[in-house]
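All figures in this text were calculated on a predicted structure; none of them were measured in a lab. Numbers for residues simply follow the sequence, beginning at 1.
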Amino acid sequence: MAWRSCSVLCRLTGGEPFLCSVRGGSRWPDSFQQRCGFKKAARKPEPKKPEDPVPAHTEPSEAVVQNQVPIQTPFNSAPTFSRLVRPFLFTVGFTGCSFGSAAIWQYESLKSRVQGYFSELRADWLEKVRPQKRGDVRKEINQWWNSLTEGQKTVTGIIAANALVFCCWRVPSLQRFMVRYFTSNPASKSLCSPMLLSTFSHFSFFHMAANMYVLWSFSSSAVSMLGREQFMAVYLSAGVISTFVSYVCKMATGRFGLSLGASGAIMTVLAAVCTKIPEAKLAIIFLPMFTFTASNALKAIVAMDTAGLVLGWKFFDHAAHLGGALFGIWYILFGHELIWKNREPFVKLWHELRTRSSGGGGPGGAA
């Protein structure tokens, strides 16, 4: 969820890159600040009251608003931890729904794959018999799509959603809406929906390109480990969980600020891959002669985010990054066994409902 940064791109010696982003201090354009209602207030001659709950600046953390732009909180008093009850319930509920939906998705995919086996054989045979067309754009796109790995196909939709949201940021009439629903802040009126929507939101093209490049590069390893259904559940849950950790940290420190970006979820993907394949070799993309193991890279990232959280660094949202990384480590070590491998009762319940709704016969009643 880091905003803008000077980025260090690394890659696996097998060709897969690795990103660790460190945000810089760029500001939003003045025109955007004014349109969003974040115009910098003029100093008053009288000293600021100590009980004023509005901080003099926003924390850059994962924030899109930089440390010279004050946020006008909509509350008359400082937000309290009771405001985290709804985000906590949303996090638990959304995570459960994500994994439940992924289990149903996998079940339905397996059913349709078995039922469509002979149809695919027939389609392949017709493709060989049918005369080949030259210069057909659809054919070129088909060939490109079929050349992608399962992981790259899986994250194509995520990248498209991020690109669409990025384009929406460029529409002046939508910017107030985007700030409210596509940036997360525990002092905002909208608390729950931004926890998910902000993970698809990037204001800087460089930020989006760097995040999507890393997601694309690591998608093959992650999806081959988890499968596309489980990967999507982990990715979406990680975005919400990392945002909730950021909420807790901001409430504890009193430094409220707008945050956005996919880095929290991507940190989960990176941590999962590094935990599962600790001996994989990584290298800085611009300095390929320096290599290090994935486990050492993960330790360095966790140590840096922990230090940033304890020392109050404001380069980016260390709490969100740390939350995403710890969730990725936990899921590979424990979560897969506790959650995904125990999905069978839920899938059986879904199968019974599908069988009952189809009358016990026909394709819907097949096991």
* pair Met178-Val165: side-chain heavy atoms closer than 4.5 Å -> yes
* **Presence of salt bridge, Lys348 and Glu352, under 4.0 angstrom** => no
* Asked: With distance as the sole criterion, is a donor-acceptor pair present between the side chains of Tyr331 and Gln230 under 3.5 Å?
  -> yes
* To do: Hey, could you give me the OG/CG distance between Ser147 and Asn142, rounded to the nearest 0.5 Å?
  => 10.5 Å
* Do the side chains of Leu298 and Thr275 get nearer than 4.5 Å, heavy atoms only? -> yes
* Asked: Under the 3.5 angstrom rule, does the side chain of Ser201 hit a backbone N or O of Ser198 as a donor-acceptor pair?
  -> no
* How long is the span from the CD atom in Gln152 to the CH2 atom in Trp145, to the nearest 0.5 Å? -> 9.5 Å
* Would you say Leu338 and Trp330 make side-chain contact, with heavy atoms under 4.5 Å? -> yes
* Quick one: ring-ring contact (aromatic ring centres under 6.0 Å, His included) pairs with a partner in residues 220-255, sequence neighbours left out? -> Phe88-Phe244
* Is the backbone N or O of Ser190 less than 3.5 Å from a side-chain atom of Arg180, with the two atoms forming a donor-acceptor pair by type? -> no
* Asked: Taking Gln175 for the side chain and Trp169 for the main chain, is one N or O donor matched with an acceptor at less than 3.5 Å?
  -> yes
* Asked: Which distance, rounded to the nearest 0.5 Å, do you find between the CG of Asp305 and the CG of Leu326?
  -> 9.0 Å
* Rounded distance (nearest 0.5 Å) linking atom CD of Glu229 with atom CZ of Arg343 -> 9.0 Å
* To do: Determine whether Cys192 and Arg86 make a side-chain contact, defined as any pair of heavy atoms from C-beta on separated by less than 4.5 Å.
  => yes
* Asked: Should Leu110 and Phe99 be counted in the same cluster of Ile, Leu, Val, Met, Phe, Trp and Tyr side chains packed under 4.5 Å apart?
  -> no
* Got a sec, which residues hit side-chain contact (heavy atoms from CB on, under 4.5 Å) with Leu236, two or more places apart in sequence or on another chain? -> Phe94, Ser98, Leu196, Phe200, Met232
* Minimum heavy-atom distance between Met267 and Ala325, given as atom pair plus value -> CE-CB, 3.8 Å
* Might you point out which heavy atoms bring Met208 and Asn162 nearest each other, and give the distance in Å? => SD-O, 3.6 Å
* Asked: Would you say the side chain of Ile339 lies within less than 4.5 Å of the side chain of Phe334, judging by non-hydrogen atoms?
  -> no
* **Closest non-hydrogen atom pair, Ser263 against His321** => CB-NE2, 3.4 Å
* **Closest non-hydrogen atom pair, Ala262 against His202** => N-NE2, 3.4 Å
* To do: Begin with the C-alpha distance, continue with both residues' side-chain angles, and end with the deciding distance and a verdict on side chain to side chain contact (heavy atoms under 4.5 Å, CB included) for Phe90 and Leu191.
  => CA-CA 9 Å; Phe90 177 80; Leu191 288 175; over 6 Å; no
* To do: Mark yes when over 12 heavy atoms from residues, nucleotides or ligands other than Trp350 sit less than 6.0 Å from its CH2; otherwise mark no.
  => no
* **Smallest separation among heavy atoms of Val155 and Ser219, with atom names** => CG1-CB, 3.5 Å
* Is it true that a side-chain atom of Thr95 and a backbone atom of Val92 form a donor plus acceptor pair closer than 3.5 Å? -> no
* side chain to side chain contact (heavy atoms under 4.5 Å, CB included) between Leu215 and Ile158: does it pass, once the steps are laid out? -> CA-CA 9 Å; Leu215 179 61; Ile158 298 176; 3.7 Å; yes
* **Validation row: Phe166, Met212 side chains within 4.5 angstrom (heavy atoms)** => no
* Would you mind reporting whether Thr306 and Val302 have side-chain heavy atoms less than 4.5 Å apart? => yes
* If we only count heavy atoms from C-beta on, is the Leu148 to Trp216 side-chain gap below 4.5 Å? -> yes
* To do: Measure the spacing between CD of Glu337 and CD1 of Ile332 and express it to the nearest 0.5 Å.
  => 10.5 Å
* Structure fact -> dist Leu270:CG -> Ser221:OG (nearest 0.5 Å) comes out at 10.5 Å
* Asked: Centre of Phe203's six-membered ring, under 6.0 Å away, within 45 degrees of the axis: is that where NZ or CZ of Arg170 sits?
  -> yes
* Asked: With Leu164, which residues qualify under side-chain contact (heavy atoms from CB on, under 4.5 Å), at least two apart?
  -> none
* Asked: Taking it one step at a time, do Lys250 and Asp317 satisfy side chain to side chain contact (heavy atoms under 4.5 Å, CB included)?
  -> CA-CA 10 Å; Lys250 289 177 182 178; Asp317 195 337; 4.0 Å; yes
* **Worked check of side chain to side chain contact (heavy atoms under 4.5 Å, CB included) between Trp105 and Ser101** => CA-CA 6 Å; Trp105 180 17; Ser101 300; over 6 Å; no
* Asked: If only atom types and distance count, is the side chain of Ser242 paired as donor or acceptor with the main-chain N or O of Gly239 below 3.5 Å?
  -> yes
* Structure fact -> What one should report as the nearest heavy-atom pair of Thr268 and Phe327 is CG2-CD2, 3.6 Å
* Just by distance, do the side chain of Arg255 and the backbone of Cys249 share a donor-acceptor pair under 3.5 Å? -> no
